[in-house]
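Remarks on the structure that follows.
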Amino acid sequence: MSTLANSPSAKDIAYHLHPYTNFVAHEAQGPHIMTEGDGIYVIDDTGKRYIEGLAGLWCASLGFSNERLAAAGAAQLRQLPYYHNFAHKTTPAVVELAERLIEMAPGPMSKVFFTNSGSEANDSQVKMVWYYHNAIGKPEKKKIISRIGGYHGVTVAAASLTGLPYVQDAFDLPIANILHTENPHYWRFGQAGESEEDFATRMAASLEQLILDEGPETVAAFIAEPVQGAGGVIVPPKTYFAKVQEVLRRYDVLFIVDEVICGFGRTGNMFGSETFDLKPDMVTVAKALSSSYLPIAGAMISEKIYQAIRDESGRRGVFGTGYTYSGHPVCAAVALETLKIYEETDIIGHVRSISPHFLRRLHALGDHPLVGETRGVGLIGGVQLVKNKATKEMYDPSLKVAPTVMNLAVEHGLLIRALPNDSIAACPPLIITIGQIDDLFDSMGRALDDMLDALTKQGEAAE
Ligand SMILES: Cc1ncc(COP(=O)(O)O)c(C=O)c1O
């Protein structure tokens, strides 16, 4: 048998169905196999080293070689590698993690329901919203409003919340009772002469109109990320959330804040809710909860919601939902250690001290001929690519400008992410240093230069 047919690449093409992958392209180009981690770097099977400019999938906050997390996982694996949380059972790591999360939560949360992924946590939020409204005798109040461009995961309910077409088209989604309101990207959707504040007023009015059109008695909840991540790194326009929250209060609509990317320091506070003054009824956390060393997520709920579902579980005999791995003790032990490291190393202080440099380098890319807008907060940034800065005309999607910049960055030792509507994102591990931030943006600048050269050669230069 030829060694080529037996290579990891050939075997991957033969047997592995990748998430979020074009299989036709995958069969042609094969996998990119990563074999090692070292701080903010990952190393592939050829020995090439890359800055992980997106912390994997916006998640590996402590980088890729934290010994304390490895040791915490190993110790729990040796002591009690698995136990469940059904029917009153639990483990010390889960008890302690729940306490810490509720203590640190943005706003007064009462309980946390553990899951394995952000999608499952948001799915559980949907179920709890519905269970809650049945419990309080409002079975007609079931609709959940999300936002176009919002990302909340890929399970059937979470993908319905996600406001991106490729997550829904051909999957027969969204399901019933999920609606989408406008995308608050001021640069793109602001009207001529409209101030950021006026745009925010219009976005909140549009949400209110949707609630009125549907009937407020049928609208149960609104879900939003503090900063929209996968939808393009959309930082909320000034006054947006204050105005949106006023609308939610007026119509008794619960606010689910999806902190899956923003939680645990990303925006310069422990939670994005603090950065943007959000008052959630329910909070979803995942990703940096364990620095992504093991899968764990949580759906937190307020006391008001807990009391209602508590009584309903009493009437029905059981709160009939939960996963085999809800509150897996090894994942919980690693999450606990992650939270301890955040505290002991003052990760928030570190983010605050380097964020101005990150944002300076990000915004400096605004001078590049291909860049129409840069947006960011804390250690998350988005770069909007355009053909014409003045008219904001974008390149024809068939030119795949953002995905090509992403591929060119690989040549320069940088992994970043292309997002919808020709933007690219940077969201490095929180442990990044000033010098490494310079390396990241130097490489991104080189990839943009290469792209501009290629477009110019094709007669598609930026205007
Ligand atoms: C804001 C947000 N919510 C939810 C999810 C889904 O999380 P998971 O991929 O762990 O299911 C993601 C994933 O990127 C996310 O960015």
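All of these numbers come straight from a predicted model, not from anything done at the bench. When a ligand or atom number is given, it counts from 1 through the structure's own listing order.
A donor-acceptor contact closer than 3.5 angstrom is absent between the side chains of Ser206 and Gln209.
Annotation: Tyr186 is not in aromatic contact with Tyr240 [ring centroid separation under 6.0 Å not met].
Sorted by chain and number, the residues within 4.0 Å of ligand 1 by heavy atom are Ser117, Gly118, Ser119, Asn122, Tyr151, His152, Gly153, Glu225, Asp258, Val260, Ile261, Lys287.
Residues Lys287 and Glu259 are not paired through a salt bridge, judged by the lack of any N-O separation under 4.0 Å between the basic side chain and the carboxylate. Electrostatic pairing of Glu197 and Lys243 does not count as a salt bridge here, judged by no charged N lying under 4.0 Å from a carboxylate O.
The number of heavy-atom neighbours closer than 6.0 Å to CD of Glu303, taken from other residues, nucleotides and ligands shown, is above 12.
Remark: Glu96 pairs with no residue by the salt bridge (Lys or Arg N to Asp or Glu O under 4.0 Å) rule, at least two apart or across chains.
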